[in-house]
Number of protein chains: 2
Amino acid sequence: MPKRSNMGPPWWHGRFQGRGYRITVPREAILDVLNRTSKHLSAEDIYLEVHKIYPHIGLTTIYRTLELLVHIGLVFKFDFGDGRARFELSEGPKGIRHHHHLVCTNCGRVIDYTDFIDDEIELLGRTEKGLSKKFNFKITNHLIQFYGLCDGCRDKK
Amino acid sequence: MPKRSNMGPPWWHGRFQGRGYRITVPREAILDVLNRTSKHLSAEDIYLEVHKIYPHIGLTTIYRTLELLVHIGLVFKFDFGDGRARFELSEGPKGIRHHHHLVCTNCGRVIDYTDFIDDEIELLGRTEKGLSKKFNFKITNHLIQFYGLCDGCRDKK
DNA sequence: AATATTAATGAAAACCATTTTCAATAAACT
DNA sequence: AGTTTATTGAAAATGGTTTTCATTAATATT
Ligand SMILES: [Mn+2]
Ligand SMILES: [Mn+2]
Ligand SMILES: [Zn+2]
Ligand SMILES: [Zn+2]
């Protein structure tokens, strides 16, 4: 089902060329699954989805591909505390969409939010600068997650 | 070696009483190890340390006790991305010392920092309020970590 | 102080997400 | 079309964590 609305190679092809990485069917299938969801899928989730169309693709390949995609920066890997890694495309055709997460500790639901991001970015910039100076630490990344009870869970407790 | 400078029950005893939890030798030993380090120990780290004094205490008990301590809020459990959970006392005799982490992605070193915490707390408060309202999400906790290269690793790359 | 109750423990086995191995396959280059 | 070598799939291994279950010991009761 990997059908794109307009012709031309998908926007991510450039990330593979020139680095010795090959564009393969499994890789396209995995990127396609990630590209078409807004959920935070586990390796097995992705495997099951890919399996519907390419039953011969194995779970091992899913893991290996995800590792590669994280390595080249196309995918983010998260740990929301349920014992399995979760993956999310780091950018879309329209560029990076920076956001943080709200994690429900009761049902595991994960909510993306971009509100307040500007204030956060502002603070993060200051903090990163200060920490870099104080600890001589070169910051490349940050992780911000809020935990609590989601809309559906807060009453039932 | 669990020797306290002055008499009286340790400050954490109150957390066990009244809840049906018993104060046992393994639990005291584990709390003692956590209380005397500023590092972020894994279950095995704690096991090895406890083992020096109580060789009969098993790794299973370490895991079970840590789970309990996290449950009653005496200990924080972290994932710094190296495949094993890390534990840290949530408070000391002098109260809670809120801090966040700087994680070196090269050597795994973890640095606690409390600088800029005030600004962060301020922002977090606003953000939590906004998010709570927008998503009807009851926030109980947050996780903030910065990743990058520490003093010893940034040059060698 | 002795006894009863039941939470806690330890050893071994099970669990399970992820990684490794290795022979077979298929992209990309000539 | 043929060659090179990155990639793949199946099976086995790995390793941190959890479960099982018989035994032990902390606390309550007498
Ligand atoms: Mn997200
Ligand atoms: Mn810390
Ligand atoms: Zn929920
Ligand atoms: Zn380092």
Side-chain angles (χ1 to χ4, degrees), chain A residues 2 9-10 12-31 33 40-51 53-72 74-75 77-87 108, chain B residues 2 9-10 12-31 33 40-51 53-72 74-75 77-87 108:
Chain A
W12 59 69
H13 277 204
R15 297 304 197 89
F16 287 83
Q17 263 117 25
R19 298 230 238 169
Y21 299 128
R22 295 175 180 175
I23 295 168
T24 66
V25 170
R27 288 174 183 177
E28 299 239 46
I30 291 165
L31 277 164
V33 166
H40 302 82
L41 304 177
S42 67
E44 192 184 4
D45 291 337
I46 296 168
Y47 167 74
L48 292 172
E49 202 58 36
V50 165
H51 189 81
I53 297 155
Y54 302 102
H56 64 92
I57 295 180
L59 184 54
T60 307
T61 297
I62 307 293
Y63 276 107
R64 269 190 300 231
T65 300
L66 287 170
E67 181 184 28
L68 170 67
L69 295 176
V70 168
H71 181 244
I72 65 180
L74 265 182
V75 163
K77 181 179 184 178
F78 290 101
D79 168 32
F80 296 129
D82 66 341
R84 63 194 58 194
R86 307 242 158 213
F87 301 87
Chain B
W12 60 68
H13 276 203
R15 297 304 198 88
F16 286 82
Q17 263 117 27
R19 298 230 237 170
Y21 299 129
R22 295 175 179 176
I23 295 168
T24 66
V25 170
R27 288 173 183 180
E28 299 240 47
I30 291 166
L31 278 164
V33 166
H40 302 82
L41 304 178
S42 67
E44 193 184 4
D45 291 337
I46 296 168
Y47 167 73
L48 292 172
E49 202 59 37
V50 166
H51 189 81
I53 297 155
Y54 302 102
H56 64 93
I57 295 180
L59 184 54
T60 307
T61 297
I62 307 292
Y63 276 107
R64 269 191 299 232
T65 300
L66 287 170
E67 182 184 28
L68 171 66
L69 295 175
V70 168
H71 181 244
I72 65 181
L74 265 182
V75 163
K77 181 179 184 177
F78 290 101
D79 167 32
F80 296 129
D82 66 341
R84 63 193 57 193
R86 306 243 159 214
F87 301 88

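Computation of the quantities below employed the complete heavy-atom set of this structure, encompassing side-chain atoms and omitting hydrogens, waters and symmetry-equivalent molecules. Chain naming here is simple, since letters A, B, ... match the order of the sequence lines and numbering starts at 1 in each.
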Can you check the [X] [atom1] to [N] [atom2] distance for me, whole Å?
| X | N | atom1 | atom2 | answer |
| --- | --- | --- | --- | --- |
| B:E28 | D:dA25 | CD | P | 16 Å |
| A:D82 | C:dT18 | CG | C1' | 14 Å |
| A:D79 | C:dA17 | CG | C1' | 12 Å |
| A:I30 | D:dT7 | CD1 | C1' | 12 Å |
| B:H13 | D:dT27 | NE2 | P | 9 Å |
| A:H51 | D:dG9 | NE2 | P | 12 Å |
| A:Y54 | C:dA26 | OH | P | 14 Å |
| B:H71 | C:dA8 | NE2 | P | 12 Å |

Let me test you: for the helix from C:dA1-D:dT30 to C:dT30-D:dA1, what is the angle between the axes at its two ends (five pairs each), rounded to 10 degrees?
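Computed angle between terminal axes is 40°.
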Any [X] side-chain heavy atom under 4.5 Å of [Y] side chain:
| X | Y | result |
| --- | --- | --- |
| A:E49 | A:L41 | no |
| A:L74 | A:F16 | yes |
| A:R27 | A:R64 | no |
| A:V70 | A:F87 | yes |

Could you tell me whether the side chain of B:R86 and the main chain of B:F80 form a donor-acceptor pair under 3.5 Å?
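No, B:R86 side chain to B:F80 backbone: no donor-acceptor pair under 3.5 Å.
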Do the side chain of A:R84 and the main chain of A:S42 share a donor and acceptor less than 3.5 angstrom apart?
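No.
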Nearest heavy-atom neighbours spanning B:I72 and B:R19:
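In this case the closest contact between B:I72 and B:R19 is CB-NH2, 3.6 Å.
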To check you understand the geometry: which heavy-atom pair defines the closest contact between B:I62 and B:A43, and what is its length?
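Looking at all heavy atoms of both residues, the closest pair is CG2-O, 3.5 Å.
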Side chain of [X] only, please: which of [options] is the nearest?
| X | options | answer |
| --- | --- | --- |
| A:T61 | D:dT20, D:dG9, C:dA8 | D:dG9 |
| A:P26 | C:dA8, D:dA11, D:dT8 | D:dT8 |
| B:Y63 | D:dT17, D:dG9, C:dA12 | D:dT17 |

Which residue lies toward the 5' end of DNA chain D, A:T65 or A:T60, if each is placed at its nearest nucleotide?
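Final value for this comparison: A:T65.
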For DNA chain D, whose closest nucleotide is more 5', that of B:R64 or that of A:P55?
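It is A:P55 whose nearest nucleotide is closer to the 5' end.
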Below 3.5 Å between N/O atoms, which protein atoms pair up with nucleotides 27-30 of chain C? Just atom names and distances, please.
| residue | atom | partner | partner atom | Å |
| --- | --- | --- | --- | --- |
| C:dA27 | N3 | A:R22 | NH1 | 3.1 |
| C:dA28 | OP1 | A:I23 | N | 3.1 |

Could you walk me through whether B:Q17 and B:I23 satisfy the side chain to side chain contact (heavy atoms under 4.5 Å, CB included) test, starting with their C-alpha distance in whole Å, then the side-chain angles of each, then the deciding distance to 0.1 Å, before giving a yes or no?
CA-CA 8 Å; B:Q17 263 117 27; B:I23 295 168; 3.7 Å; yes
Closest-nucleotide 5' rank along DNA chain C - winner of B:G20 and B:H56:
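Its nearest nucleotide lies further toward 5', so the answer is B:G20.
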Do the rings of A:Y47 and A:H51 sit parallel, tilted or perpendicular, given the 30° and 60° boundaries?
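The arrangement is tilted - the two ring planes meet at 30° to 60°.
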Output yes when at least one side-chain N/O atom of A:R27 is less than 4.0 Å from OP1 or OP2 of D:dT7, else no.
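The answer is yes; a side-chain N or O of A:R27 sits under 4.0 Å from OP1 or OP2.
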